Amino acid sequence: MSVRVRFAPSPTGFLHIGGLRTALYNYLFARHHGGTFVLRIEDTDQNRYVEGAEHDIITSLEWAGMTIDEGPHKPGDVGPYRQSERKEMYHKYAKQLVDDGHAYYAFDTTEEIDEMRERLKKSGNPSPSYDSITRQSMKNSLTLPQDEVEKRLAAGDEYVIRLKVPRRETVKFEDLVRGIVSFETAGLDDQVLMKSDGMPTYHLANVVDDHTMGITHVIRGEEWLSSAPKHMLLYKAFGWEPPTMAHLPLIMSPSGGKLSKRKAESEGIPINTKDYIIGNYEPNALINFLAYLGWSPGDDSEIHSMEELCKLFTLDRVSKGGAVFNHKKLMWYNEHYIRESSVEELLVRVKILMQDAGFEVVDDNYLKTVIELLHDRVSKVDEFVSMGAFFYQAPEEYDPNALKKWKDDSAGFVKAYQAKIEEFSEEDFVAANLKSALEETVSENEVGFGKVMMPVRIATTGQGFGPDLFASLELLGKQETLNRIDKALEKLN
RNA sequence: GCCGCGUUCGUCUAGGGGUCCAGGACGCCGCCCUUUCACGGCGGUAGCACGGGUUCAAAUCCCGUACGCGGUACCA
């Protein structure tokens, strides 16, 4: 049987970075086995529905380099791919469960349930729930006379359908990352399957869908592990073969705990995939990083393309413990992939960023040289803009930090250097000559190299660091260089 | 509270009883390269949560404890 996996997010906001990793593991598993990667939108909670979320999910996955084989925008044979559009199906199956005695109608109001909880809590039960004991004293089709149940249903009374969890049973199943896990049904409550608004809960929908969509492996976050036994009970009640389970370790925040929006942001970690897109991160870097957050191929390798990851990925090599998100390591990957990119590839992207920043890019070759000069020093592509701005604009301000190196004698050295390079013809205005001119200035004044070089750098670039100064000046050209020096001399004295 | 899952350098991880006084990567520190800042190269720092077993031998197996995380909804 060929592998079919699904990524099943709920459209309650932007695609979370943890969700992206879950999607990635599903994707890698599918590709590794030549299987199918399905996107299913779990929009059964109408209150939390966010407009545009589905679009964000799809574009985020595509940006990251995952191709969705089937989804709401790309229907296959087992659609629809939005749970809200499969409503009828859930009704049918829930009804079947009731008829077979595995589920029942419950008419209790929220208030009545709250009362029950209060009452039980007072009498010493620390965690009261609607279960095999308490259901006997509640209003449901198990306690009410048959004709009243029918009357209520006919009258359109609000009701939910609950799973009739067996009283004492052990639910055991094999999880591909954790091994055998087992739960006692005594600790489970009679989970609501159909809500009073006519929508199914996640639990019902997920089981019905995974079965009817032919899903062979359920790969999802560990937060689902606790409800997995309920799902197993459902498969059993339906008489269906459950898919193979694999619960992934959670991504943790550096300060501990599940990486939540609030935590992540206070720790400088972008939380939504969208933030990485607009933050100009390299998608292959993010993917490489995420793949290794909770998984490793078992050798000493660190760098792999999506294609290689597909070949290497197996679920038995997923680790069990939560993994802390390490932003610095992500940046290391990001730098690596930028360095791997050719200047031509970079040119296309940097040009757009430059233009967005308001710089006019008239000469591609000029930009190309800028990129070459900066290639090894940027961490993200947008730094080509921030670090390379001086190639497009004379400094208005001088970095106060760099200015610490502008001493009383600096202006004199800069003037001396200026005098030398002024003599160069346009053709001679090249890095090698510019460097020797500086060396001459240095020896004539009997000072250290830095005493002259730094002031020249500050005057021409406004910064105390940057790419090779002489190559930079060559690119800037004679006139521009001289102008900048004039201006600096004027401003800094 | 109850249920479940987990625990190897600061972080991600390798390790499935002897070859492990535990390997790699990020970070950090140092040196080299560079008469800037980076890149790069080389080196260093640092860890098997604890306690009991089992065994000739345990990071590896078993049992406890501690700690962490998740779940405990008509949310997913």
Side-chain angles (χ1 to χ4, degrees), chain A residues 8-12 19 42-48 83 106 108-110 113 117 121 125-130 158-162 175 177-179 181-184 186-189 191-203 205-206 220-229 247 249-250 252 254 256-258 289 292-303 317 319-333 335 339 374-379 387 402 405 435 438-439 442 447-454 456-458 461 463-469:
Chain A
S10 54
T12 54
E42 310 232 320
D43 54 351
T44 53
D45 186 353
Q46 296 165 326
N47 299 320
R48 297 207 303 158
Q83 292 186 329
D108 319 273
T109 62
T110 346
I113 293 171
R117 292 216 167 98
K121 219 172 239 173
N125 184 341
S127 51
S129 64
Y130 204 120
E158 283 211 338
Y159 68 90
V160 298
I161 293 177
R162 285 181 182 269
D175 184 286
V177 347
R178 276 148 226 286
V181 282
S182 87
F183 293 81
E184 297 303 320
L188 267 34
D189 65 342
Q191 185 63 52
V192 169
L193 265 20
M194 290 296 294
K195 300 187 267 190
S196 57
D197 66 357
M199 280 296 214
T201 56
Y202 168 84
H203 306 284
N206 136 283
R220 76 233 292 195
E222 196 190 326
E223 71 266 31
W224 294 112
L225 188 56
S226 300
S227 35
H247 289 91
L250 262 21
M252 318 287 278
K258 195 159 131 180
F289 169 73
Y292 272 73
L293 204 58
W295 170 87
S296 98
D299 54 24
D300 288 343
S301 64
E302 298 282 341
I303 305 293
R317 297 208 55 87
S319 27
K320 298 176 174 65
V324 175
F325 192 103
N326 184 181
H327 192 257
K328 279 188 171 163
K329 185 146 190 184
L330 203 214
M331 291 318 289
W332 175 76
Y333 274 113
E335 287 159 9
R339 269 176 247 128
L374 260 15
H375 203 168
D376 291 338
R377 26 194 110 223
V378 300
S379 295
M387 290 179 72
K405 289 185 179 161
K435 186 176 181 185
L438 196 118
E439 278 160 351
V442 162
V447 290
F449 193 85
K451 286 288 276 181
V452 184
M453 195 215 68
M454 275 315 273
V456 172
R457 178 184 285 284
I458 294 166
T461 72
Q463 300 171 329
F465 58 90
D468 182 70
L469 180 61

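Values reported hereafter were calculated over all heavy atoms of this structure, with side chains retained and with hydrogens, waters and symmetry mates removed. From a predicted model like this one, the values you see are computed outputs, not experimental measurements. Just so it is clear: chains get the letters A, B, ... in the order the sequence lines come, proteins before strands, and each one is counted from 1.
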Undergrad: Quick check on B:rC5: syn or anti? Syn means the glycosidic torsion is within 90 degrees of zero.
TA: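 With its glycosidic angle more than 90° from zero, B:rC5 counts as anti.
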Undergrad: Not counting sequence neighbours, which residues clear ring-ring contact (aromatic ring centres under 6.0 Å, His included) with A:Tyr130? List them please.
TA: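 Here no residue qualifies.
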Undergrad: Could I get the full list of ring-ring contact (aromatic ring centres under 6.0 Å, His included) partners for A:Trp332, not counting sequence neighbours?
TA: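 Counting only residues at least two positions away or on another chain, A:Trp332 forms no ring-ring contact (aromatic ring centres under 6.0 Å, His included).
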Undergrad: Base, sugar-phosphate, or nothing for A:Val192, non-hydrogen atoms under 4.0 angstrom?
TA: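 Result for A:Val192 = sugar-phosphate.
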Undergrad: Select base, sugar-phosphate, or nothing to describe what A:Glu439 touches, counting heavy atoms under 4.0 Å on all strands.
TA: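 Result for A:Glu439 = base.
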Undergrad: Between B:rU35 and B:rG23, how far is it from one P atom to the other, in whole Å?
TA: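 So the two P atoms sit 37 Å from each other.
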Undergrad: Looking across every strand, which nucleic acid part, if any, lies under 4.0 Å from A:Glu302 by heavy atom: base, sugar-phosphate, or nothing?
TA: base
Undergrad: Please find the pair of heavy atoms, one from A:Ser301 and one from A:Pro297, that lie closest to each other, and give the distance.
TA: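 It is OG-CG, 3.6 Å.
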Undergrad: Pick the nucleotide of RNA chain B nearest each of A:Tyr333 and A:Val324; which residue has the one closer to the 5' end?
TA: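 Comparing both residues, the 5'-ward one is A:Val324.
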Undergrad: Hey, does A:Asn125 reach any base, or is it just sugar-phosphate, or nothing, if we go heavy atoms under 4.0 Å?
TA: nothing
Undergrad: Which nucleotide, if any, forms a Watson-Crick or G-U wobble pair with B:rG4, using both distances under 3.5 Å?
TA: B:rC69
Undergrad: With a 3.5 angstrom cut-off on both distances, give the Watson-Crick or G-U wobble partner of B:rC39, or none if there isn't one.
TA: none
Undergrad: If you take all heavy atoms of A:Thr44 and A:Pro200, which pair is closest and at what distance?
TA: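 Nearest pair, atom of A:Thr44 first, then A:Pro200: CB-O, 3.4 Å.
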Undergrad: Any ion pair linking A:Glu302 and A:Lys329 (charged N to carboxylate O, less than 4.0 Å)?
TA: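 Salt bridge between A:Lys329 and A:Glu302, a charged N being under 4.0 Å from a carboxylate O: yes.
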Undergrad: How is A:Lys121 classified with respect to the nucleic acid when contacts are heavy atoms under 4.0 Å: base, sugar-phosphate, or nothing?
TA: nothing
Undergrad: Determine the contact category for A:Gly466: base if any of its heavy atoms lies under 4.0 Å from a base atom, sugar-phosphate if only primed atoms, P, OP1 or OP2 are that close, otherwise nothing.
TA: base
Undergrad: Taking pairing as Watson-Crick or G-U wobble with both contacts under 3.5 Å, can you name the mate of B:rC74, or confirm there isn't one?
TA: none
Undergrad: Mind telling me if B:rG16 is syn or anti? Syn here is a glycosidic angle within 90° of 0.
TA: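 Here B:rG16 takes the syn form, which means its glycosidic angle is within 90° of 0.
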Undergrad: Of A:Met454, A:Met453, A:Lys435, which meets side chain to side chain contact (heavy atoms under 4.5 Å, CB included) against A:Leu469?
TA: A:Met453
Undergrad: Heavy atoms only, 4.0 Å cut-off, all strands: where does A:Val181 land among base, sugar-phosphate and nothing?
TA: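 Sugar-phosphate contact only.
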Undergrad: Could you check whether A:Ser301 gets within reach of a base, just the sugar-phosphate, or nothing at all, counting any heavy atom under 4.0 Å?
TA: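 No contact.
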Undergrad: NA contact type, A:Ser196, heavy-atom cut-off 4.0 Å: base, sugar-phosphate, or nothing?
TA: base
Undergrad: Nearest heavy atom decides the nucleotide; on that basis, is A:Gly179 or A:Gln191 closer to the 5' end of RNA chain B?
TA: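 Closer to the 5' end of RNA chain B: A:Gly179.
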Undergrad: Can you tell me, in whole Å, how much space there is between the P of B:rU60 and that of B:rC50?
TA: 10 Å
Undergrad: Taking 5' to 3' order, which nucleotide of RNA chain B is first and which is last to have an atom within less than 4.0 Å of a heavy atom in chain A?
TA: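 Contact span on the strand: B:rG1 to B:rA76.
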Undergrad: For A:Gly294, report the nucleic acid contact type (base, sugar-phosphate, nothing); a contact means any heavy atom under 4.0 Å.
TA: sugar-phosphate
Undergrad: Taking atom P in both B:rG10 and B:rC28, what distance in whole Å separates the two?
TA: 16 Å
Undergrad: Can A:Arg178 and A:His247 be counted as having a side-chain donor-acceptor contact under 3.5 angstrom?
TA: no
Undergrad: Distance between the P atoms of B:rG16 and B:rC26, in whole angstroms?
TA: 24 Å
Undergrad: Write down the distance separating the C1' atoms in B:rU11 and B:rG47, rounded off to the nearest Å.
TA: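 Result for the C1' pair: 12 Å, nearest Å.
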Undergrad: Counting the atoms with a prime plus P, OP1 and OP2 as sugar-phosphate, which does A:Arg317 contact under 4.0 Å by heavy atoms, base, sugar-phosphate, or nothing?
TA: sugar-phosphate
Undergrad: Apply salt bridge (Lys or Arg N to Asp or Glu O under 4.0 Å) to A:Asp189 and list each qualifying residue two or more places apart in sequence or on a separate chain.
TA: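 For A:Asp189, the residues satisfying salt bridge (Lys or Arg N to Asp or Glu O under 4.0 Å) (neighbours in sequence not counted) are A:Lys230.
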Undergrad: Considering every strand shown, what is the Watson-Crick or G-U wobble mate of B:rA25 when both distances are under 3.5 Å?
TA: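 Across any shown strand, B:rA25 pairs with B:rU11.
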Undergrad: Identify, with sequence neighbours excluded, every residue that meets ring-ring contact (aromatic ring centres under 6.0 Å, His included) alongside A:Phe183.
TA: none
Undergrad: Taking the P atom in each of B:rA14 and B:rC74, what is the distance between them to the nearest angstrom?
TA: 39 Å
Undergrad: Touch check for A:Thr12, heavy atoms < 4.0 angstrom, all strands: base, sugar-phosphate only, or nothing?
TA: nothing
Undergrad: Please list, chain by chain and in numerical order, all residues satisfying side-chain contact (heavy atoms from CB on, under 4.5 Å) with A:Thr461, sequence neighbours excluded.
TA: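 A:Phe390, A:Arg457, A:Gln463.
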Undergrad: For the C1' atoms, the ones on B:rC48 and on B:rC9, what distance do you get once it is rounded to whole angstrom?
TA: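 The same atom, C1', in both gives a distance of 10 Å.
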Undergrad: So what does A:Tyr202 hit on the nucleic acid, given a heavy-atom distance under 4.0 Å: a base, only sugar-phosphate, or nothing?
TA: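 Base contact.
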Undergrad: Within the 4.0 Å heavy-atom criterion, would you say A:Met199 contacts the bases, only the backbone, or no part of the nucleic acid?
TA: nothing
Undergrad: Checking base pairs now: Watson-Crick or wobble, both atom distances under 3.5 Å. What partners B:rC61?
TA: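 Check on B:rC61: paired to B:rG53, both distances under 3.5 Å.
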Undergrad: What's the gap between B:rC61 and B:rU7 when it is taken at their P atoms, as a whole Å value?
TA: 10 Å
Undergrad: With a 3.5 Å limit on both atom pairs, tell me what B:rC20 is paired to, counting Watson-Crick and G-U wobble, or say none.
TA: none
